[in-house]
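Numbers here are sequence positions counted from 1. When reading the values below, keep in mind they use all heavy atoms of this one structure, side chains included, and skip hydrogens, waters and symmetry mates. Note that the structure is a prediction, hence the values are computed from the model and not measured.
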Amino acid sequence: MTRYHVEEATKALCDLNTYFESSRNWNDVWDSDIVKQKWRELWLDEDMDDTFPISKWWDFEKPTMFQMDQALNLWHRYLFIFSIPVPEKIPDVFQASHHFTGATYGILCKVKRQCTLHIWDHCISFRELTNFMSSAVSFDTPFVNSSLISLGLMGCILLEHHADVVLPCAAYFNPGWEIELGTAEGVLEHRKTFARKIDPVVNGICNMERFEPIEKVKTDKPTAVMLSHVQYIKDIKNAILAADFIVNKWGFTDYSLHIYGDMERAASYSTECQELIASKGLRDHCVLKGLGNPSLVL
């Protein structure tokens with residue numbers, strides 16, 4: 001995205017909100033035949049500037065009419081926040097806790113009411129989105145996923161760019177993503193200029209006494225512990241493959257890996273992890289232990 005694209009997309013979102021400020025019904029408009037027809041024409045256009053024409057897509061990327069309607073329906077839902085008129089009087093600060101389409105309402109508030117826009121994050125929305133929209137995880141078609149990834153990327157770049165201050169939950173890793181998204185990989189402004197508005201607010205623990213270091217090690221052999229939900233985004237399989245390397249290639253046969261976390265949130269992924277453990281002969285070394293008390297586990 002160039003600066004022109006940012007300005008164009010910002011104006012489009014503001015115009016979208018303005019269009020629905022009167023009595024127009026969000027669902028009726030998005031479900032109308034004229035909107036569906038125009039949506040199809042735009043995706044099928046061979047001569048639009050700065051686009052990769054559909055004739056050059058891979059065959060598996062090309063959508064059916066039903067899949068085009070599916071993607072439109074999801075855009076309709078993800079952008080629903082823009083159906084809400086911006087109040088005449090709002091607080092001086094709009095603070096969003098992520099940078100996806102729902103948070104872009106903060107851009108409206110900044111443009112229309114001149115408030116300050118703060119973006120706090122726990123995770124990087126674009127990274128999570130592309131993980132969950134990948135063919136490794138998603139059951140949707142490539143076209144549907146690609147259209148949502150495009151929408152998500154636009155939202156992330158716009159939010160980071162328009163934010164007055166960016167407040168990641170960690171002083172490392174997250175800021176690197178924010179710099180690349182907020183500058184469109186150095187196109188919109190210098191990376192170091194953007195970095196000046198990043199001010200980490202790290203996750204705090206108010207009751208530190210619950211996490212006092214133990215005085216005596218309770219395990220009798222080297223033990224690594226993971227504490228998270230057992231799901232794709234946490235990359236549990238990579239930890240299991242690391243254990244395979246440690247135990248079966250390097251020969252540290254006293255190594256153990258204990259994995260704590262909800263195994264029902266992504267039951268199929270939990271099953272795949274158990275199958276991986278069995279296939280690598282790691283039943284005595286890797287254990288999925290289910291939910292655990294964090295202070296005791298750590």
Review point. Does a donor on one side chain and an acceptor on the other come within less than 3.5 Å for T116 and D164?
Key: no
Practice item. State, to 0.1 Å, how close I84 and Y105 come at their nearest heavy-atom pair, and which atoms those are. Key: O-OH, 3.0 Å
Study note, to complete from the structure: Here the gap from D92 atom CG to C115 atom SG, rounded to the nearest 0.5 Å, amounts to 8.5 Å
Review point. Atom SG in C156, atom NE2 in H98: separation rounded to 0.5 Å?
Key: 9.5 Å
Practice item. Check W120 against C169 and note the closest heavy-atom contact, atom names and distance. Key: CZ2-CB, 3.7 Å
Review point. Should I149 and M154 be counted in the same cluster of Ile, Leu, Val, Met, Phe, Trp and Tyr side chains packed under 4.5 Å apart?
Key: yes
Check your understanding: Ring centres of W250 and F245 under 6.0 Å apart?
Key -> yes
Exercise for review: For G152 and L129, work out which heavy atoms get closest and say how close.
Suggested key: CA-CD2, 3.7 Å
Review point. Does V86 offer a backbone N or O that forms a donor-acceptor pair with the side chain of R113 under 3.5 Å?
Key: yes
Point to revise | hydrophobic_cluster_shared for V230 and L276, side chain cutoff 4.5 Å | key: yes
Study note, to complete from the structure: A184 and M1 have their tightest heavy-atom pair at CB-O, 3.5 Å
Practice item. Show your working on salt bridge (Lys or Arg N to Asp or Glu O under 4.0 Å) between K38 and E41 and close with a plain yes or no. Key: CA-CA 5 Å; K38 185 55 64 176; E41 288 175 9; 3.0 Å; yes
**Study point:** V29 reachable from L74 in the ILVMFWY side-chain graph, under 4.5 Å edges
**Key:** yes
Check your understanding: Between E61 and S146, do the side chains contain an N or O donor and an N or O acceptor separated by less than 3.5 Å?
Key -> no
**Study point:** Validation row: H190, T183 side chains within 4.5 angstrom (heavy atoms)
**Key:** no
**Study point:** Check: F100 ring centroid to Y78 ring centroid under 6.0 Å
**Key:** yes
Review point. Same cluster for L282 and Y269 if Ile/Leu/Val/Met/Phe/Trp/Tyr side chains link at under 4.5 Å?
Key: yes
Check your understanding: With side chains defined as the heavy atoms from C-beta onward, is the minimum distance between L16 and W26 less than 4.5 Å?
Key -> yes
Practice item. Would you give the length of the straight line joining atom CG of N73 to atom CG of D31, rounded to the nearest 0.5 angstrom? Key: 7.0 Å
**Study point:** For T10, the option from H161, K110, H162, H5 that meets side chain to side chain donor-acceptor pair (under 3.5 Å)
**Key:** H162
Revision key, fill the gap. One should read off an interatomic distance between L241 CG and I246 CD1, to the nearest 0.5 angstrom, of 11.0 Å
Exercise for review: Look up atom CE in M133 and atom CG in L151, then write down how far apart they are to the nearest 0.5 Å.
Suggested key: 11.0 Å
Exercise for review: Might you point out which heavy atoms bring I236 and H229 nearest each other, and give the distance in Å?
Suggested key: CD1-O, 4.2 Å
Practice item. Establish, yes or no, whether a centroid distance under 6.0 Å links the rings of W39 and W75. Key: yes
Exercise for review: Report the C-alpha distance between K112 and E21 in whole Å, list the side-chain angles of each, state the deciding distance to 0.1 Å, and finish with yes or no for salt bridge (Lys or Arg N to Asp or Glu O under 4.0 Å).
Suggested key: CA-CA 13 Å; K112 292 189 172 186; E21 279 182 340; 3.3 Å; yes
Exercise for review: Keeping to residues at least two apart or across chains, list the salt bridge (charged side-chain N to carboxylate O under 4.0 Å, His left out) pairs with something in residues 187-203.
Suggested key: E180-R191
Review point. Between CD of E185 and CD1 of I179, what distance do you get to the nearest 0.5 Å?
Key: 12.5 Å
Practice item. Ignoring hydrogens and angles, state whether a donor on the side chain of N174 or H122 is under 3.5 Å from an acceptor on the partner side chain. Key: no
Study note, to complete from the structure: In short, G182 meets L188 closest at the heavy-atom pair O-CD1, 3.6 Å
**Study point:** F143 and W43 aromatic centres sub-6.0 Å
**Key:** yes
Check your understanding: What class does the angle between the rings of F132 and Y232 fall in, given that below 30° is parallel, 30 to 60° is tilted and above 60° is perpendicular?
Key -> tilted
Exercise for review: Identify, with sequence neighbours excluded, every residue that meets salt bridge (Lys or Arg N to Asp or Glu O under 4.0 Å) alongside K36.
Suggested key: none
Check your understanding: Any side-chain heavy atom of P168 within less than 4.5 Å of one from I198?
Key -> yes
